[in-house]
Amino acid sequence: MNDTHAWREQLQHGHWFRQLSPALQDRLLEAARPLVLAAGERLFQRGDAPCGLYAVLSGAIRIGALSADGKEALLTLVEAPHWFGEICLFDGQPRTHDAYAEGATRLLRVPQASVQALLDEQPRYWREFALLMSHKLRLAFVALEQQSLMGAAPRVAFRLLQMAAGYGEVDGPRRVLHLSQEQLALMLSLSRQTTNQILKNLQQEGALRLGYGEIEIVDSARLEQLAKG
């Protein structure tokens, strides 16, 4: 089995790549190059020039930023088989956030020039990349609304359900989420103490099982009930 075939099989688990035409899948995979990052290694940082489109094959990429005083904002953990980096295709502007490997991570990188050449040749493919970006924009709007209108516990429950469902990108929910309680707190802009207490309460109710660096969903119905407020 050659690498391209193996990559295709992995990426077919994601809705966005799977719905692409075979011709577009082929062009992306032909231009793609593998990239391996060690834990904590930087992929790009805020202000960097556009460097291409990426797909996660294994591991995860931590997307966030640091303030001048060292305070961290964690937007999300991008896991397989998600694609990211598409915003720069549309505006050609520098990267908006930092991206670091969360553990050993394997990626595919399609260089910016290759994607741009493809789109210049086949403008109809712009729609596919717009769909990739619009899906994330919808998630961002939902997160902003929740931060304004929902209490801490419903936000925790909703985010866990979103992550379990791969943010709508993968088939079938996962039971075990590989993230720490601190990371979840950062993603929701909650204090670590508040987040830990909510998770402990959910564990006592039998909805979750907490482990080192992971959260197992035991009763998704309870989380869905809580997420509705």
Side-chain angles (χ1 to χ4, degrees), residues 14 37-46 54-85 95-107 135-136 139-147 150-170 173-205 207-220 222-224 226-227:
L37 299 180
E41 188 173 353
R42 187 178 72 203
L43 178 62
F44 54 74
Q45 66 181 6
R46 173 181 286 177
Y54 295 90
V56 182
L57 296 177
S58 64
I61 293 292
R62 183 186 185 104
I63 305 292
L66 285 176
S67 67
D69 60 2
K71 184 177 180 181
E72 182 182 9
L74 176 60
L75 296 184
T76 191
L77 293 174
V78 185
E79 300 177 284
H82 289 252
W83 290 76
F84 66 99
R95 294 297 185 186
T96 57
H97 294 87
D98 305 328
Y100 287 85
E102 183 71 18
T105 301
R106 293 170 54 243
L107 304 166
H135 175 68
K136 295 173 187 176
L139 293 174
F141 282 150
V142 169
L144 287 172
E145 178 183 346
Q146 290 180 339
Q147 190 164 341
M150 294 177 67
R155 283 164 57 197
V156 167
F158 191 88
R159 179 57 68 95
L160 291 175
L161 290 170
Q162 277 190 316
M163 295 185 70
Y167 295 98
E169 173 64 7
V170 297
R174 295 178 296 165
R175 286 178 56 90
V176 179
L177 307 178
H178 297 287
L179 82 160
S180 68
Q181 297 177 41
E182 180 179 8
Q183 288 171 333
L184 181 60
L186 287 171
M187 282 192 278
L188 294 170
S189 298
L190 296 172
S191 71
R192 184 174 179 178
Q193 293 78 10
T194 297
T195 304
N196 289 354
Q197 188 58 56
I198 292 169
L199 292 174
K200 287 179 181 178
N201 291 343
L202 288 170
Q203 180 171 244
Q204 290 173 355
E205 295 174 13
L208 302 175
R209 184 176 296 114
L210 304 177
Y212 181 74
E214 66 179 34
I215 300 171
E216 180 181 358
I217 296 176
V218 179
D219 186 352
S220 58
R222 171 60 185 133
L223 292 184
E224 290 169 0
L226 179 58

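Given the structure is predicted, the values throughout are model-derived calculations rather than measurements. Excluded from the calculations below are hydrogen atoms, water molecules and symmetry mates; all remaining heavy atoms, backbone and side chain alike, are included. Residues take their numbers from the sequence shown, with the count starting at 1.
Here the closest non-hydrogen pair linking Ala65 and His97 is CB-CD2, 4.2 Å. Closest heavy-atom contact between Ala207 and Arg222: CB-CG, 3.7 Å. Taking all atoms of both residues into account, the shortest heavy-atom contact from Leu77 to Gln183 is CD1-OE1, 3.8 Å. Residues Leu226 and Pro154 share a closest heavy-atom pair of O-CB, 3.5 Å. Heavy atoms only, all atoms of each residue included: Arg174 and Met163 are closest at NH2-O, 2.9 Å. Nearest heavy-atom pair, Ser58 versus Ala80, reported as atom, atom and distance to 0.1 Å: N-CB, 4.2 Å.
A distance-only check finds a donor-acceptor pair linking the side chain of Thr105 to the backbone of Gly103 [under 3.5 Å]. Remark: the backbone N or O of Leu37 is not paired with any side-chain donor or acceptor of Arg106 at under 3.5 angstrom. Of the possible polar contacts, none joining the Gln197 side chain to the Thr194 backbone as a donor-acceptor pair under 3.5 Å is found. No side-chain donor-acceptor contact under 3.5 Å links His178 to the backbone of Ala60.
Separation of atoms OG1 (Thr76) and NE2 (His82) is listed at 8.0 Å; rounding is to 0.5 Å. Of the inter-residue distances, the one linking Ile215 atom CD1 with Gln203 atom CD reads 10.0 Å to the nearest 0.5 angstrom. Rounded to the nearest 0.5 angstrom, Leu190 CG and Thr195 OG1 are separated by 4.5 Å. To the nearest 0.5 angstrom, Gln181 atom CD is 12.5 Å from Leu186 atom CG. The CH2 atom of Trp83 sits 10.5 Å away from the NZ atom of Lys136 when rounded to the nearest 0.5 Å. Distance check, rounded to the nearest 0.5 Å: CZ of Phe44 to OG1 of Thr96 gives 7.5 Å.
The shortest side-chain heavy-atom distance between Met187 and Leu75 does not fall under the 4.5 Å cut-off. Side chains of Leu223 and Leu208 form a contact here, defined as non-hydrogen atoms less than 4.5 Å apart. Proximity of Ile63 to Val78: side-chain heavy atoms (C-beta onward) are separated by under 4.5 Å at one or more points. Side-chain atoms of Leu161 and Glu224, non-hydrogen and from C-beta on, do get closer than 4.5 Å to each other. A heavy-atom distance below 4.5 Å is not found between the side chains of Glu102 and Ile61. At least one side-chain heavy atom of Val156 sits under 4.5 Å from a side-chain heavy atom of Leu184. In this structure, Pro81 and Val56 have side chains that are not in contact, with every pair of non-hydrogen atoms separated by 4.5 Å or more. Between Leu160 and Leu199 the shortest side-chain heavy-atom distance falls below 4.5 Å.
Partners of Arg192 by side-chain hydrogen bond (donor to acceptor under 3.5 Å, both in side chains), not counting sequence neighbours: none found. Applying the ring-ring contact (aromatic ring centres under 6.0 Å, His included) criterion to Tyr54, with sequence neighbours excluded, gives Phe84.
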Go through the steps to decide whether Tyr167 and Arg159 satisfy the test side chain to side chain contact (heavy atoms under 4.5 Å, CB included), and finish with yes or no.
-> CA-CA 9 Å; Tyr167 295 98; Arg159 179 57 68 95; 3.5 Å; yes

Let me see the working for Gln147 and Arg155 under side chain to side chain contact (heavy atoms under 4.5 Å, CB included), right down to the final yes or no.
-> CA-CA 8 Å; Gln147 190 164 341; Arg155 283 164 57 197; 4.0 Å; yes

Side chain to side chain contact (heavy atoms under 4.5 Å, CB included) assessment of Leu107 paired with Leu43 | CA-CA 10 Å; Leu107 304 166; Leu43 178 62; 4.0 Å; yes

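Inspection of the Asn201 and Glu205 side chains reveals no N or O donor paired with an N or O acceptor under 3.5 Å.
The cationic atom of Arg62 (NZ for Lys, CZ for Arg) does not lie both less than 6.0 Å from the six-membered ring centre of Tyr100 and within 45° of the ring axis.
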